[in-house]
Every structure is written in structure tokens, then in C-alpha cells.
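Notes follow the structure.
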Amino acid sequence: MEKTIVIIDGNSLINRAYYAMQRPMITKDGIYTQGIFGFLNMLSKIEKDYEPGYITVAFDLKAPTFRHKEYKEYKAGRKKMPPELVMQMPLLKDVLRAMNIKLLEMEGFEADDIIGTVAREAEEQGLLPLIITGDKDELQLATDKTKVIITKKGISQFEIYDRKAMIDKYGFTPAQFIDFKGLMGDQSDNIPGLPGVGEKTAQKLILEYGSVEELIANTDKITSPKLKEKIEDNVQLAVMSKRLATINTNVPIDIDFDEFLLEEPDYDQLIEIYTKLEFNSFLKKLDKSAVKSAAQQTIIDTEAIEKTVIREPEQVHDLKLTEQISIKVLGDYNHVAAPKVYGIGILSTNGKYFYINCEKEETLLAAIDLFNEEKPCFIGHDLKNDYYMLMAYGLVSCSSCFDTAIGQYVLESGRSNYNLKTLAYEYFHESLEDEKEFFESNSQVDLFSDPTEIYSTYGLRWCATVLSLMPVLAQKTEDENLKQVLYEVELPLIEVMAAMERDGVTVDRKELTDLGEVITAQVETITQKIYDLAGESFNINSPAQLGPILFEKLGLTAGKKTKRGYSTSAETLEKIMDEHEIVPLILEYRTLTKLNSTYIEGLLPLIDENNKIHAHFNQTVTATGRISCTEPNLQNIPIRQAFGRQLRKAFVPEDDHHTLVGADYSQIELRVLAHMAEDPALIEAFNQGEDIHRTTAANVLGVPKEQITIEERSRAKAVNFGVIYGMSSFGLSSELHITRKDADAYIKAYFEKHAAVKTFMDEQVRLCKEQGYVTTIKGRKRYISEINASNYMVRQVGERLAMNSPIQGSAADIIKLAMIKVFQQIKEQGLKSRLILQVHDELIIETAEDEQDIIERLLVENMENAIDLKARLVVDLNQGKSWYDLK
DNA sequence: TGTCGCTGCAA
DNA sequence: TATTGCAGCGACA
């Protein structure tokens with residue numbers, strides 16, 4: 001049987017792949033990969049579909065080819081490959097070499113010519129050539145045996161041509177395709193062709209005369225005098241164009257078909273490069289045993305571990321724990337009802353595994369007693385979950401030795417997935433089933449069977465993976481100077497977050513529903529008015545419906561456009577407030593429905609039977625180091641508008657014997673900036689207790705502070721914000737509704753008065769470009785791959801991130817340190833009060849009546865002294881019977 | 001049902 | 001064409 005030989009046009013295919021990908025792919029180290037990724041996908045599809053026996057990839061070299069010698073302008077003016085793609089070329093070649101695929105390239109010739117030569121010789125050897133390219137020129141190589149695949153839209157679709165298919169589609173043979181192109185020319189290769197002859201005329205002439213030569217010999221038969229003249233005047237050009245378009249199938253290259261035989265890849269090399277390129281999906285497809293043996297680390301072998309299942313409380317008391325234990329609590333919890341614990345898996349550092357079956361609550365309580373007495377240091381993955389469940393049953397001692405999710409987070413705060421399964425694969429090339437998969441593949445149909453075995457085994461696999469990961473991550477964090485942020489900030493914070501979640505926030509259900517009713521009534525009235533004014537009823541929430549009504553039916557002035565149509569954002573509508581009375585009504589409708597759906601309807605189902613909301617505080621979400629909050633997000637409860645602020649009346653202490661005490665940092669980010677930039681004017685202003693925005697205005701405008709108007713102060717405030725965000729004149733101008741020129745002038749004036757700030761910002765950008773990341777006060781890192789992008793806009797984004805992240809991230813470090821101290825002291829002093837919320841620069845403690853003074857002092861002391869800054873930290877205190885009163 | 005774009009809330 | 005988030009809704013595959 002004849003064997004297929006796949007011959008790939010490397011440059012063409014990676015180009016297609018690069019532009020076909022919807023979004024850029026980029027690794028943590030800033031390597032762009034989407035071209036390689038698309039190329040490999042295409043390659044794997046071809047290998048699957050055609051099962052070739054031979055394969056090779058041809059590349060162009062930079063050196064000029066014989067075509068350049070013939071025609072200097074050949075390929076002149078062609079758009080250059082973007083650097084993001086250029087940097088992928090050598091990497092692609094590395095991958096292909098690791099796959100043991102022979103690469104072909106030759107000075108003086110293009111990939112086309114090599115491909116043509118290989119195809120011709122392959123046919124002579126009795127092989128079936130299959131050419132893969134995105135370049136239609138190569139259609140001329142099609143024969144009865146040689147097929148040419150042209151990629152279409154993206155890389156997943158393609159068309160396949162042999163000689164017959166060519167004739168069917170174009171009406172002429174592959175050889176005539178060259179003549180066709182000789183007449184028509186080719187803009188992308190800068191082949192001139194005949195002036196004034198386009199696709200249609202060229203097609204007609206070829207069908208009539210068969211070739212360029214025949215055409216030239218028979219110009220007398222051409223009826224159109226103009227066309228005849230054109231051809232006769234440009235005979236040389238047509239001949240040269242044809243020659244340029246002709247692929248040379250006689251390149252003097254040594255071809256040894258044995259080298260093209262499909263081979264096993266060099267696994268070590270391939271794995272190394274896939275890992276570098278973060279091609280986890282391709283890694284998974286590789287031969288498993290080969291992948292595992294190539295992993296640098298190995299996972300603890302669970303088969304070799306001694307397993308003990310414990311059911312009785314007495315047995316728990318006899319357990320001997322090591323100082324550090326890897327733990328996995330198996331249970332169910334959703335934050336609305338009390339969590340259920342099925343069992344606890346414990347893997348000691350001496351290699352013994354215990355599974356505590358907690359079917360009997362006494363057994364669970366005994367385990368928690370044991371933890372509280374022995375105070376082991378826990379090692380886990382997402383330890384907060386384990387703590388949360390155990391705290392519900394009385395766990396107090398939660399010292400965290402390591403958390404592999406958080407370890408990875410400090411190494412790489414930008415990623416979206418910290419699943420243990422994912423990390424196990426990345427570090428050990430080991431496939432670990434997640435909980436769902438594991439239980440699906442192991443659970444029996446018999447409902448009465450004891451699930452202990454499954455839980456126990458799952459717990460062991462989890463703990464073993466965690467324990468295997470810990471030393472690897474510990475070493476990496478040490479190598480990257482991340483010990484401080486990990487061990488002093490993030491790990492001690494875990495139990496604080498778990499406790500905040502567990503204690504929850506009490507919500508006055510009635511306050512919420514009452515407000516909801518008021519809103520609903522108002523929404524009804526407004527809706528009716530809007531329908532009347534519009535002359536029809538429609539979905540006001542749908543920009544797609546609202547847009548046409550406002551800007552077509554009512555003829556209001558349309559502002560910005562979005563991808564889908566008219567923008568109906570508040571910003572746009574505010575500009576046309578006076579054009580029609582429907583506009584303010586729509587804005588009001590928006591405000592009210594937002595409050596209702598997000599903050600009333602959204603909140604109510606999350607209240608548990610004790611009137612508490614247990615939000616999820618996430619420690620591994622933000623790229624800067626802040627905490628985030630979900631289900632619900634309690635960090636964006638309205639405050640700015642008086643009406644929305646009412647919602648805060650629903651957030652109350654759990655009973656009459658408690659009050660809420662809130663403490664917020666005053667201008668923490670600007671103080672951090674003052675400190676990091678060592679700006680004398682800012683430091684002085686803060687340490688003198690001045691109103692910073694007023695002082696900024698006075699400095700920049702050169703006017704005494706007393707004379708600064710409200711307006712001037714508010715502008716200075718926007719500028720101060722702008723500085724933190726990595727200000728652009730465009731951003732400032734749109735914020736302040738002033739011209740870019742004025743914004744520019746303001747920024748310039750600001751940086752003249754605060755030269756140290758300017759220096760600091762420039763230095764952050766410079767450092768980031770040099771090392772790829774920026775750091776905070778506690779050494780937290782943020783990698784910013786955009787910083788060296790060739791695209792101006794992307795690079796600008798990178799520069800702003802480089803300026804903002806150290807500030808935002810340091811502020812996050814500081815409040816985290818304060819939270820840890822506050823929490824520890826509440827615990828040490830045995831206080832009844834509880835830290836229940838953190839909102840980036842603010843902490844809220846549900847305070848027992850008789851502890852108010854001590855809590856207030858504790859908050860101020862620990863927050864203001866969390867860290868020593870050149871611009872001192874100042875905390876404002878508030879207290880009240882609801883969150884609303886904390887103002 | 002899942003995903004994306006738009007919109008809007010907070011620091 | 002200013003930083004970090006989360007969520008509801010409508011539209012669409």
C-alpha cells in the first residue's frame with residue numbers, strides 16, 4: 001500500500017494559526033504561544049485523519065532567494081511578522097525537533113520550492129504526498145497523487161485539492177495556475193503580472209489560450225485592441241511574472257526519506273518544552289508513563305502507605321499526631337446551612353494515614369478536641385475550607401504550615417485555576433481525579449454500601465498530593481523571595497478568613513424586604529411612565545431594545561457605540577438628561593432595579609436560619625493581593641448614593657448586646673505611595689495631618705491652601721486617584737470632563753511638584769521591563785507579561801499595571817497584617833467580639849457591648865502600626881447599631 | 001445550558 | 001483610552 005507523506009509549509013501554517021486564534025495565548029513568563037498552539041493542533045488533526053508514514057516541515061530562511069536575484073522587488077512591501085509571532089518560530093522548531101520531525105530549510109530557496117521538490121521525489125518513490133499550507137500558490141503542485149490542503153477560516157477547516165479537484169474548482173490545471181498567476185500577478189508577493197489584468201481577465205485568457213507562452217504567440221487573435229496592446233507591450237513582464245510564480249521542484253537538497261519516517265518523540269525534551277509553553281492539554285495527550293518518568297518530582301506512592309480507619313471517639317484520643325499533618329476534611333457545605341463533616345483524612349509526615357469517619361458526631365468532636373490539644377500545624381490545599389467546616393464544630397487551633405493553593409498563588413497571582421488536580425498535573429504530570437470524578441468512578445450502585453472506603457481513599461490521594469507538592473512549592477517560594485509574603489501574611493491569614501466566613505454577618509431580613517417593597521412600588525410607577533413616554537412597552541433592561549427606542553424612535557442624540565449597538569450607559573444617558581424626560585426616568589429605573597435584583601433579591605436567599613450571611617472570602621483571586629468576596633459580594637454594598645446606602649441598615653449585630661465597630665484607613669494607597677516614592681511633600685502633608693487633596697491642589701496650582709475651592713479640591717482628588725491608577729491624560733480628561741490638553745497640563749504640573757512620584761513610577765516600569773514583575777512592601781510579586789508587548793496599547797496597559805500594583809498590593813499587605821494581629825489578639829484575650837468583614841481599607845468587628853473600648857483601641861493600635869511607613873497610617877473609627885451608622 | 005457583552009456597585 | 005473586583009440581565013449559540 002502506498003504511504004502518505006505529509007509535507008508542511010511551516011511559515012505559512014504558523015502564520016495562519018497565529019491569526020486564527022481568537023485571543024492571545026501567553027505564558028506566565030511572557031512567551032506568546034498561540035501560533036505554536038494552533039500549529040500543533042492542526043498537526044495532530046492531520047496525523048489523526050491521514051495516518052501518514054512520513055512527515056516533514058519546510059521553513060523559509062531569511063536569506064534572499066533566487067527570486068530576489070531575478071526581481072529585486074520580490075516580496076517587497078510585505079507586512080512584517082509581528083514580533084509576538086517571530087519569537088514563536090524558534091520555539092516551534094524546538095517542539096518539532098523534540099517530536100523527531102525532520103525540518104527542511106535551504107538558503108536561496110523558499111519553503112514552497114523545497115516542498116515542491118520533496119513532493120516530486122516522493123511521488124517518484126511511490127509515496128502519496130500531502131502538502132499542508134495556507135498559501136494558494138502551492139496549488140500548482142497538485143497532481144493525481146499529490147494533494148494540497150489549504151487551511152481555510154482558522155485552522156479547523158480546510159480544503160483539499162488534487163489535480164481533478166483543481167480543475168473542477170478553477171477550470172484549469174495546476175500547471176495553468178502558474179500562468180494564471182503570471183498574468184494576474186500577486187500583491188502579497190509583489191509579483192507584477194500584466195498591468196490592468198485582474199482575476200477575471202486572467203482566468204478568461206488562460207481558459208482561451210492555455211498558457212502565457214501560447215497567449216504571447218497568439219496575440220493577433222485577441223479582439224480587444226487595448227488588451228492586445230497591453231499584452232504585446234508587456235511580454236517580458238508576463239514571462240518574468242510566470243517565472244517568479246513557478247515553484248522550483250528541483251532544489252538541490254539531499255533528501256533521505258528515512259529521515260521523514262514518523263517516530264516516537266523525545267519525551268524528555270517534549271515535556272520540558274510543553275511545560276515551558278504551558279501546553280497542559282498536549283502534555284495530557286502524551287504517553288502517560290513516559291510523562292511521569294520525566295517529571296522532575298514524584299508524588300508520594302499512596303499504595304505504600306499504611307491506612308487506618310477510625311470510627312470511635314476513644315480511638316481518636318489514642319491517635320499520635322506528628323507536629324505537621326496534611327489534612328483533608330470531607331464534607332458538605334454551602335454557607336447557608338451548617339456544614340456536614342463525613343470524615344477527616346490525615347496524612348502524617350511519618351507516612352501514616354488515618355481516616356476519621358465522622359458519622360458519629362462524638363468522633364468528630366473528639367478529633368477536634370485532639371486538634372485543639374495537640375495543636376498540629378496543618379498542611380492542606382484550600383485549608384480555609386477545612387477550617388471552615390471544623391470551626392463549626394469547635395476547632396480553635398488552626399496554625400497553618402502550608403497551603404499549596406496559596407503557595408502557588410504567591411508564585412503566580414495572575415492565574416485563574418489553583419485546583420489541586422491542575423497543580424498535580426503541572427508538577428508531577430500525574431492525573432488526579434477531582435472530587436466529582438473520583439466519586440463517580442468509585443461509587444457503587446448499592447446505596448447501602450459503606451462509602452467510607454471511597455472517602456478514605458480520596459482523602460489519602462489528596463493529602464499525599466499536597467504533601468508531595470509542599471516541598472516543591474516551599475523551595476520555589478524561597479527561590480523567588482516570597483517567603484515573607486507567604487509565611488508572614490498569607491498563611492496566618494487563612495484562619496482569619498475562615499473565621500470571618502464562619503461567624504458571618506447578621507442581616508435584618510425585614511429591613512431588607514421592606515426596602516424591597518418600597519423599591520418595587522417605585523419601579524412599577526416608573527416603568528409605566530417610561531412605557532407611556534415611549535409609546536410602547538419593552539424591556540428597559542435590554543440595551544438592545546432601549547437603544548433603538550431612545551435614539552431612533554425618540555430621536556435623541558446617540559453617544560458612544562458598543563459592539564452590539566448604541567451605548568445606553570449612565571455616562572451616555574447623563575449627557576442627554578435634558579433632551580427628553582424619559583432619560584432621567586430610565587436612570588432612576590436602572591438604579592432601583594439594580595438595588596432590587598442585586599442587593600435585595602440577590603441577598604435574601606443567602607441568609608441562613610440564624611439570619612446570617614456567610615460570604616466567601618477568596619484569598620487567591622486578585623492579581624494584586626487583595627481579598628475578594630462572593631456569594632454575596634459584601635465588598636460592594638452601596639454607600640455613595642443616599643438611597644442605596646439605606647441597604648446598610650439591614651446589616652446589623654447579631655443581638656442587642658453587640659454593636660458594630662468599623663475602622664478604615666485614611667488614604668492608605670496615597671500614604672503607601674508617599675512612602676514607596678519617598679516624596680517629601682506627600683510625606684510632610686500626611687504627617688502634618690493635612691487634607692491631602694486640598695494640599696495637592698494648593699501645591700499644583702501654586703495657591704495657598706485656604707484659597708482652594710471645592711471644585712479645585714475635587715479635581716486634585718481625581719488627580720490623586722489617577723496617580724495611583726497609572727494616570728493617562730485621556731483617563732483624567734474623561735473623569736473630569738476637561739480637554740486632554742488641560743488634563744495633560746495638570747498631570748505635568750503634578751509631576752513637577754512631586755518629582756519623586758514621577759521617578760518612582762518610571763522606576764516601577766523600568767524594573768518591570770527588566771525582571772518581568774513588580775513587588776510590594778512585603779515582597780509580593782505580580783508578573784506583568786504585557787510590559788514588553790510590541791502593541792502600544794497592550795504595553796501601555798502593562799505600564800499602568802506596573803505603576804498601580806505595588807501600591808494596591810502593598811495596601812493589601814498592610815491590612816492583611818492588621819487583620820492577623822487583630823484576630824490573634826481577640827483570640828489571645830478571649831474576647832467575645834468577632835472580626836466579620838474586610839472591605840479593602842476597612843475592618844468591621846461585631847463588638848460585644850462590654851468590649852467596645854478595648855476593641856476600638858485594638859483596631860486603631862494594630863491597624864496604624866501594622867507596618868512602619870514614612871507617611872504614618874491613620875485610622876478612622878466608627879460605631880453603630882447597623883452598618884449604615886458607620887459613617 | 002453555558003458564555004459573552006453590557007451595565008453598575010464597591011475600594 | 002485610569003486600578004482591583006462580583007453579579008444580574010439579555011442575547012445568542
Side-chain angles (χ1 to χ4, degrees), chain A residues 22-23 413-414 538-547 560-573 586-587 589-603 606 615-618 620-641 643-645 647-648 664-670 673 718-736 740 743-744 747 761 774 782 784 792-794 796-809 811-812 815 837-843 883:
Chain A
Q22 296 297 318
R23 60 188 79 205
S413 62
F538 62 101
N539 187 342
I540 309 169
N541 279 322
S542 161
Q545 294 177 41
L546 179 61
K560 285 186 297 192
K561 284 253 178 181
T562 65
K563 276 181 190 170
R564 288 181 192 271
Y566 304 104
S567 165
T568 66
S569 66
E571 198 193 329
T572 312
L573 296 187
I586 286 166
L587 287 170
Y589 173 93
R590 285 251 178 91
T591 310
L592 293 172
T593 52
K594 168 86 178 178
L595 292 176
N596 217 358
S597 58
T598 304
Y599 298 106
I600 309 257
E601 301 299 335
L603 239 37
L606 299 173
H616 300 240
F617 288 94
N618 304 299
T620 57
V621 168
T622 70
T624 50
R626 278 187 174 187
I627 289 168
S628 89
C629 181
T630 55
E631 283 181 280
N633 181 359
L634 293 179
Q635 293 179 320
N636 72 346
I637 302 299
I639 189 167
R640 293 176 193 179
Q641 305 294 321
F643 190 77
R645 193 173 192 154
L647 271 164
R648 294 188 170 223
D664 61 285
Y665 279 115
S666 159
Q667 305 296 346
I668 187 170
E669 291 188 338
L670 279 177
L673 171 65
V719 172
N720 280 331
F721 271 104
V723 172
I724 291 166
Y725 296 152
M727 181 159 54
S728 69
S729 58
F730 190 96
L732 184 65
S733 67
S734 72
E735 178 68 31
L736 288 179
R740 275 189 71 174
D744 257 331
I747 293 169
M761 295 295 179
V774 285
R782 178 176 185 181
I784 299 171
Y792 175 76
M793 297 282 242
V794 177
Q796 288 285 302
V797 169
E799 291 179 4
R800 288 198 296 272
L801 298 182
M803 292 186 259
N804 170 266
S805 301
I807 303 172
Q808 194 182 116
I815 195 163
L837 281 173
Q838 188 256 37
V839 193
H840 308 309
D841 66 353
E842 172 187 21
L843 298 181
W883 199 357

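Naming: A, B, ... by sequence-line order, numbering from 1 per chain. In what follows, every heavy atom counts, from backbone to side chain, and hydrogens, waters and symmetry copies are set aside.
- Using a distance-only test at 3.5 Å, with no hydrogens or angles considered, a donor-acceptor pair links the side chain of R648(A) to the main chain of P638(A).
- In the set dT3(C), dC6(C), dA7(C), dC6(C) carries the atom at the smallest distance from any side-chain atom of S628(A).
- When heavy atoms are screened at a 4.0 angstrom cut-off, I639(A) is found touching the sugar-phosphate backbone but no base atom.
- Among the protein residues, M793(A) comes within range of the sugar-phosphate backbone only, with heavy atoms under 4.0 Å from sugar or phosphate atoms but none that close to a base.
- Side chain of Q635(A) to main chain of Q838(A): a donor-acceptor pair is present (N/O by atom type, distance under 3.5 Å, no hydrogens or angles).
- Look at the C1' atom in both dC4(B) and dA2(C): the space between them is 24 Å, to the nearest Å.
- A salt bridge between E669(A) and R626(A) is present, with a side-chain N of the basic residue lying under 4.0 Å from a carboxylate O of the acidic one.
- Regarding R626(A), its CZ atom lies at a distance of 11 Å from the P atom of dC6(C), rounded to whole Å.
- In summary, contact between chain A and DNA chain B, defined as any nucleotide atom under 4.0 Å from a heavy atom of the protein, begins and ends at dC4(B) to dA11(B) in the 5' to 3' direction.
- Between the side chain of T630(A) and the backbone N or O of P632(A) there is no donor-acceptor pair closer than 3.5 Å.
- Heavy atoms of S734(A) sit nowhere under 4.0 angstrom from any nucleic acid atom.
- The local environment of CZ in F721(A) is sparse, with at most 12 non-hydrogen atoms from other residues, nucleotides or ligands closer than 6.0 Å.
- Residue-level contact check: L732(A) touches the bases, meaning some heavy atom is under 4.0 Å from a base atom.
- Nucleotide dT3(C) holds its P atom 12 Å from the CD atom of E799(A), rounded to whole Å.
- The listed nucleotides are dG5(C), dT3(C), dC6(C); the one nearest the side chain of R800(A) is dT3(C).
- To the nearest angstrom, C1' of dA2(C) lies 13 Å from CD of E571(A).
- Counting any heavy atom pair closer than 4.0 Å across all strands shown, S567(A) reaches sugar-phosphate atoms only and no base atom.
- Separating the CG atom in D841(A) from the OG atom in S666(A) is a distance of 9.0 Å, to the nearest 0.5 Å.
- The residue A570(A) sits close only to the backbone: its heavy atoms come under 4.0 Å of sugar-phosphate atoms, none of a base.
- Across all strands, G726(A) comes closer than 4.0 Å to no nucleic acid atom at all (heavy-atom distances).
- Judged by atom type and distance alone, Q808(A) does not reach the base of dT4(C) through any side-chain donor-acceptor pair under 3.5 Å.
- Mapping E631(A) and T624(A) onto DNA chain C by nearest heavy atom places T624(A) at the nucleotide closer to the 5' end.
- Nucleic acid contact class of R645(A) (heavy atoms, under 4.0 Å, all strands): none.
- Here A718(A) lies in heavy-atom contact (under 4.0 Å) with a base.
- R590(A) comes within contact range of the sugar-phosphate backbone alone, with a heavy-atom separation under 4.0 Å but no base atom that close.
- Here the P atom of nucleotide dT3(C) and the CD atom of E735(A) are 12 Å apart, to the nearest Å.
- Whole-Å rounding puts the D841(A) CG to dG5(C) P distance at 16 Å.
- Distance, F730(A) CZ to dT1(C) P: 8 Å, rounded to whole Å.
- For the side chain to side chain donor-acceptor pair (under 3.5 Å) test, no residue two or more places apart in sequence or in another chain qualifies with Y665(A).
- Within the nucleic acid shown, N636(A) comes within 4.0 Å of at least one base atom, counting heavy atoms only.
- Among the heavy atoms of the strands lying under 4.0 Å from K594(A) is at least one base atom, whether or not backbone atoms are also near.
- Put simply, CD1 on I724(A) is 16 Å from P on dA2(C), counting in whole angstrom units.
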(request) Check the pair V839(A) / L634(A) against side-chain contact (heavy atoms from CB on, under 4.5 Å), numbers first and verdict last. (result) CA-CA 8 Å; V839(A) 193; L634(A) 293 179; over 6 Å; no
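- A811(A) comes within 4.0 angstrom of nothing in the nucleic acid, heavy atoms only.
- Side chain of Y599(A) to main chain of G644(A): no donor-acceptor pair is present (N/O by atom type, distance under 3.5 Å, no hydrogens or angles).
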(request) Heavy atoms under 4.0 Å is the rule here; annotate nucleotides 8-13 of chain C 5' to 3' with B where the base is hit, S where only the sugar-phosphate is, and - elsewhere. (result) SSSSS-
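- Using modelled atom types, one side-chain atom of S734(A) and one backbone atom of G731(A) make a donor-acceptor pair closer than 3.5 Å.
- Rounded to whole Å, the distance from CG on N618(A) to C1' on dA7(C) is 14 Å.
- Across all strands, L801(A) comes closer than 4.0 Å only to sugar-phosphate atoms, never to a base (heavy-atom distances).
- Considering every non-hydrogen atom in both V621(A) and N618(A), the closest pair reads CG2-CB, 3.5 Å.
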